[in-house]
Amino acid sequence: MSAESNERSAEAGAPDPTDFIRDIVAQDVAAQRYPQIVTRFPPEPNGYLHIGHAKSICLNFGIARENQGVCHLRFDDTNPVKEDVEYVDSITRDVRWLIAGWADHCLGFKAKGASPVTATIDGKTDFRLTSVSPASLDTQVTAGTAEPFFASDYFEPIYAYAVELIKRGKAYVDDLTPEETEAYRGSPDKPGKDSPWRNRSSAENLDLFTRMRAGEFPNGARSLRAKIDMASPNIWLRDPLLYRIRHVAHHHAGNKWCIYPLYDFAHCLSDYLEGITHSVCTLEFEVHRPLYDWILGSLDLPRPLPHQYEFAKLNLSYLIFSKRRLLQLVEERFVTGWDDARMPTLSGARRRGIPASAIRRLAATVGVTKYDSVTEIAVYEHAIREELNPVALRRLAVLRPVKVVLTNIAAGEVLECDATNNPQDENPTTRKVALTREVWIENEDFAEVPPPKYFRLKPGGEVRLKYACIIKCDEVVKDAAGHVVELRCTADLSTRTGGPNVDRKVKGTIHWVSASHCVDAEVRLYDRLFTVAEPGATDDFRKYVNPQSLETVTAKLEASLAGATVDGRYQFERLGYFLVDAKDSAPDKLVLNRTISLKDTWAKK
RNA sequence: UGCCCGAUGGUGUAAUGGUAGCACAAACGACUCUGACUCGUUUUGUCUAGGUUCGACUCCUAGUCGGGCAGCCA
């Protein structure tokens, strides 16, 4: 829990970020263009959220947070064949996790089951749906009386707007087949041509559209199209489709419909219905903006219109964010699931022990622009360490143990040492760790033939056992095969805390645990999932999955870790940040994940 | 080869006509009972060519390079 706290996060005192979108919002606020700033995060429930989505979530909720506004979580669920409630649930959970303690007071949910209300404004029929009070959101969610927004809740008013467009002569029912539609559309450098059905009468269009809804026609037989310009240089203005026929049940709307609006038609209207002021999306929708504006502008709507702004999505080196490819990793068993700790999904990050605040910190550092960039993974790793360092409890653990016998300590004797829980604290607390005759040290911390500048233990050399004392290696015991099985050392107990020679310096300090006062645990060490910086740009990203992305070891942990729970964030000294695995750990069989290693300027050389 | 968008050190980003700054990375050094953290120093940049201007990363024109758009996906 402590790791989720914002108290020591940069966010607490940091100034609000600025970028070109926030500048626009600020201008709109200054001009009092809207009574309140309302943004939205509109995922399609057809996959798990990943770090790339997190950038969008942070932007949209950040804008709301900085302007006393609200940000709606809205499912853009207009294509029932691809969507599923499993994703609705995971997305809702992940969004709430990401913004917890930061922007949950801005989260816009609606009353359960609510759909847009009809009103008359200036003699015009209007539909509207607003969010419940964020202040009471938690109790309402718990009570089951609030839920996210769904575009599918707007099918009725969206249908009414389509009828209105037909009446205005701005939409028509087309009988062209999908193949013909494609052929008629032309290509980027060649204009399209008008459908023979383009100039049907309003009455005929209305009749046909009503019958489409009534289910009289099979899939693909007809469609509703906007009547714009088949010769437009912008393909999305060449009479784009508004509705298609799909005789299929919807995961949220049930069996009510057999015609479903397409993204372009549903999205801008959903924004309007919810009173969205700033509709922020990624760059690929830039060419759709004229259509977004055309639809809203063609309906003579009485309330202020939302506006669309586009930014470049996040790319991180050594990672992939494509839903299709992520799904492949899951289905082809490169990972154990969507929440595998190596996955760039939010559920994977959470299981890995990455604090939500670190992801928010990443979003703040990469900024928001229209330049399609690739951010080095090191920026993300740095953000994780920055968030974990001040909150993680220091503990001693040995991943790959080698036995050390301290020959001048009697068997059964226990020397208690004070170990600091977190040196970053203003007033650090301590705990007791046991020093006994036999201890484990890290395999890497002993070298029979040390490389130059090796600070750790070597034959005849000295090293400090952290929080304990300096030891000297007297003898290296090997088995018949020549492997080191035991190091026989003497402890200089005068260098213990409180001892006369505490201040004696040796170059190296290493971690250790008592062999008689420790617990075994399965520890999972993660490395990058891919071996190349841009796996998405290769011929087949699966060929570049890192075979060493997961290594499992049986580690020795200091005894105090015996009761560790998922809530604890630990730094195993000199090794990295760890937490208990939420799925596979049990009280009698601890399983821990390494979130990330400590920066290691020695190993690099 | 139609339309739209973009280009600042290795990477990401700031400077909104007036000293090119910050972060990450890298290198070196200091400190250190974590080769971590912290601190200090250093290396490296405005895509090109014209134009406007006292002055251009910024405005204009052309070019180069990169990205997006031809789902009844979002």
Side-chain angles (χ1 to χ4, degrees), chain A residues 18-20 23 42-44 46 76-79 81-83 174 176-179 181-182 185-192 219-225 232-238 240-246 259-260 262-264 266-267 281-290 310 312 317 323 365-383 385-386 389-390 394 396 419-420 423-424 453-456 463-470 495 497 502-511 571-576 597-605:
Chain A
T18 59
D19 53 64
F20 78 99
D23 289 347
E44 183 186 16
N46 69 344
D76 215 343
D77 55 351
T78 57
N79 186 7
V81 305
K82 287 191 173 182
E83 300 154 5
D174 195 356
L176 252 30
T177 65
E179 296 72 29
T181 306
E182 189 185 334
R185 187 156 32 229
S187 57
D189 52 346
K190 276 209 308 265
N219 290 348
R222 293 188 218 261
S223 62
L224 185 74
R225 291 236 250 167
S232 171
N234 182 341
I235 301 245
W236 292 101
L237 259 22
R238 319 243 265 227
L241 270 81
L242 268 21
Y243 266 92
R244 80 284 228 188
I245 300 172
R246 282 266 185 288
I259 57 171
Y260 293 96
L262 277 103
Y263 166 83
D264 287 295
H267 201 90
C281 60
T282 45
L283 250 29
E284 65 267 30
F285 293 101
E286 209 160 14
V287 287
H288 294 241
R289 190 180 350 126
E310 310 85 15
S317 62
K323 279 185 190 172
T365 31
V366 298
V368 178
T369 67
K370 299 186 76 162
Y371 177 68
D372 189 18
S373 60
V374 180
T375 298
E376 289 178 348
I377 191 75
V379 178
Y380 184 31
E381 295 173 341
H382 181 256
R385 294 187 181 110
E386 280 287 295
N389 183 34
R394 308 296 126 117
L396 295 176
T420 306
Q424 308 281 321
K453 290 207 179 168
Y454 187 78
F455 297 164
R456 288 109 98 155
V463 79
R464 178 176 282 277
L465 297 185
K466 184 141 191 182
Y467 305 125
C469 62
I470 293 170
T495 59
T497 308
V502 227
D503 294 331
R504 220 186 105 204
K505 304 286 180 204
V506 285
K507 198 65 187 166
T509 298
I510 63 173
H511 57 277
Q571 183 200 96
F572 292 173
E573 302 221 23
R574 303 210 305 135
L575 295 172
S597 65
L598 255 31
K599 197 172 158 187
D600 189 349
T601 45
W602 163 253
K604 243 179 240 178
K605 292 175 184 173

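Quick caveat: nothing in here was measured; it's all calculated off a predicted structure. In the text below, chain A, chain B and the rest are named by the order of the sequence lines, each starting its count at 1.
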Base, sugar-phosphate or nothing for A/P290? Non-hydrogen atoms, less than 4.0 Å. nothing

In terms of base orientation, is B/G71 syn or anti, with the syn window spanning 90° either side of 0? syn

What does A/Y454 touch in the nucleic acid at a heavy-atom separation under 4.0 angstrom: a base, only the sugar-phosphate, or nothing? base

Would you confirm whether A/R574, through its side chain, and A/L598, through its main-chain N or O, come within 3.5 Å as a donor-acceptor pair? no

Give the dot-bracket line for RNA chain B from 5' end to 3' end: parentheses for intra-strand Watson-Crick or G-U pairs under 3.5 Å, square brackets for crossings, | for inter-strand pairing, dots for unpaired. .((((((..((((....[..)))).(((((.......)))))....(((((..]....))))))))))).....

Using a 4.5 Å cut-off on heavy atoms from C-beta on, say whether the side chain of A/T420 contacts that of A/R394. no

In the 5'-to-3' direction, what one-character label does each nucleotide of nucleotides 16-27 of chain B receive under the scheme B = base within less than 4.0 Å of a protein heavy atom, S = sugar-phosphate only, - = no such atom? B-------SSS-

Between A/S232 and A/N234 (side chain of the first, backbone of the second, donor and acceptor by atom type, cut-off under 3.5 Å), is there such a pair? yes

Rounded to whole angstrom, note down the C1' distance from B/U48 over to B/A7. 12 Å

Determine whether a donor-acceptor pair (N or O, by modelled atom type, separation under 3.5 Å) exists between the side chain of A/R504 and the backbone of A/I470. no

Is any side-chain heavy atom of A/P240 closer than 4.5 Å to a side-chain heavy atom of A/R185? no

Phosphate OP1/OP2 of B/A36: any A/R394 side-chain N/O under 4.0 Å: no

What is the ring orientation for A/H288 with A/F285, classed by angle as parallel under 30°, tilted 30 to 60°, or perpendicular over 60°? perpendicular

Any carboxylate oxygen within less than 4.0 angstrom of a Lys/Arg side-chain nitrogen, looking at A/E310 and A/R289? yes

Roughly, in whole Å, what's the span from CZ in A/R225 to C1' in B/A70? 12 Å

Test of understanding: with ring pair (Phe, Tyr, Trp, His ring centres under 6.0 Å), list the residues that count as partners of A/Y380, not counting sequence neighbours. none

Between A/L465 and A/T181, which residue's closest nucleotide on RNA chain B lies nearer the 5′ terminus? A/L465

Base, sugar-phosphate, or nothing: which does A/V374 touch, judged by heavy atoms less than 4.0 Å apart? sugar-phosphate

Expressed in whole Å, how much space separates the P atoms belonging to B/A56 and B/C4? 29 Å

Without decimals, in angstroms, what is the distance between A/L242 CG and B/C73 C1'? 15 Å

Please check if the number of heavy atoms outside A/K190 that lie under 6.0 Å from its NZ is greater than 12. no

Considering only atom C1', compute the distance from B/G55 to B/A15 and round it to an integer number of Å. 16 Å

Return the minimal non-hydrogen interatomic distance between A/I510 and A/R456, and the atom names on each side. CG2-CG, 3.8 Å

Can you tell me how far C1' in B/A14 sits from the matching atom in B/G21, rounded to whole Å? 7 Å

So, do A/N79 and A/R244 sit near enough that their side-chain heavy atoms are less than 4.5 Å apart? yes

Rounded to the nearest angstrom, tell me the gap between atom CZ in A/R504 and atom P in B/U32. 17 Å

A/Q571 CD to B/U34 P: how many Å, rounded? 11 Å

By nearest atom, which of the nucleotides B/U34, B/U13, B/C37 is closest to the A/N389 side chain? B/C37

More 5' along RNA chain B: A/I245 or A/V366, using each one's nearest nucleotide? A/V366

What interatomic distance, in whole Å, is found between P of B/U43 and the corresponding atom of B/U32? 28 Å

For atom C1', what is the distance between B/A49 and B/G10, given to the nearest Å? 27 Å

Under 4.0 Å: is that the gap between some side-chain N or O of A/S373 and OP1 or OP2 of B/U13? yes

Show each protein N/O and nucleotides 1-7 of chain B N/O combination with a separation under 3.5 Å, one pair to a line.
unit_1, atom_1, unit_2, atom_2, d
B/G2, N3, A/P188, O, 3.2

To the side chain of A/R456, which of B/C72, B/U32, B/G35 is closest? B/G35

Atom pair distance, as rounded to whole Å: CZ in A/R574 and C1' in B/C37: 15 Å

Out of B/U13, B/A74, B/C72, which has the shortest distance to the side chain of A/F285? B/A74

Once you apply a heavy-atom cut-off of 4.0 Å, does A/R185 come out as touching a base, just sugar-phosphate, or nothing? sugar-phosphate

Spacing of A/K466 atom NZ relative to B/C33 atom P, expressed in whole Å: 9 Å

Measure the shortest side-chain to side-chain distance between A/I245 and A/I259 over non-hydrogen atoms and say whether it is less than 4.5 angstrom. yes

Hits for ring pair (Phe, Tyr, Trp, His ring centres under 6.0 Å) against A/H382, two or more places apart or cross-chain, chain-then-number order -> none

Could you tell me how far B/G45 sits from B/U1 if I compare only their P atoms? Round to whole Å. 35 Å

Measuring only the C1' atom in each nucleotide, how far is B/C28 from B/G35? A whole number of Å is fine. 15 Å

Sequence neighbours excluded, the answer for side chain to side chain donor-acceptor pair (under 3.5 Å) partners of A/E182 is none

Note: A/A312 and A/Y371 closest approach over all heavy atoms is CB-O, 3.2 Å

Indicate, with a heavy-atom threshold strictly under 4.0 Å, whether A/T369 touches base, sugar-phosphate, or nothing. sugar-phosphate

Between A/K505 and B/C33, is there a side-chain N or O to OP1/OP2 distance below 4.0 Å? yes

Of the options B/G35, B/U34, B/U13, whose atoms approach the side-chain atoms of A/D600 most closely? B/G35

Taking atom P of B/A74 as reference, at what distance in whole Å does atom CH2 of A/W236 sit? 9 Å

Could you work out which one of B/U34, B/A14, B/A74 sits closest to the side chain of A/T78? B/A74

Atom OH of A/Y243 and atom P of B/C73 are separated, to the nearest Å, by 14 Å

Looking at every strand, decide which applies to A/H267 at a 4.0 Å heavy-atom threshold: base, sugar-phosphate, or nothing. nothing

Would you classify A/G220 as touching base, sugar-phosphate or nothing, given that sugar-phosphate means primed atoms plus P, OP1 and OP2, and contacts are heavy atoms under 4.0 Å? base

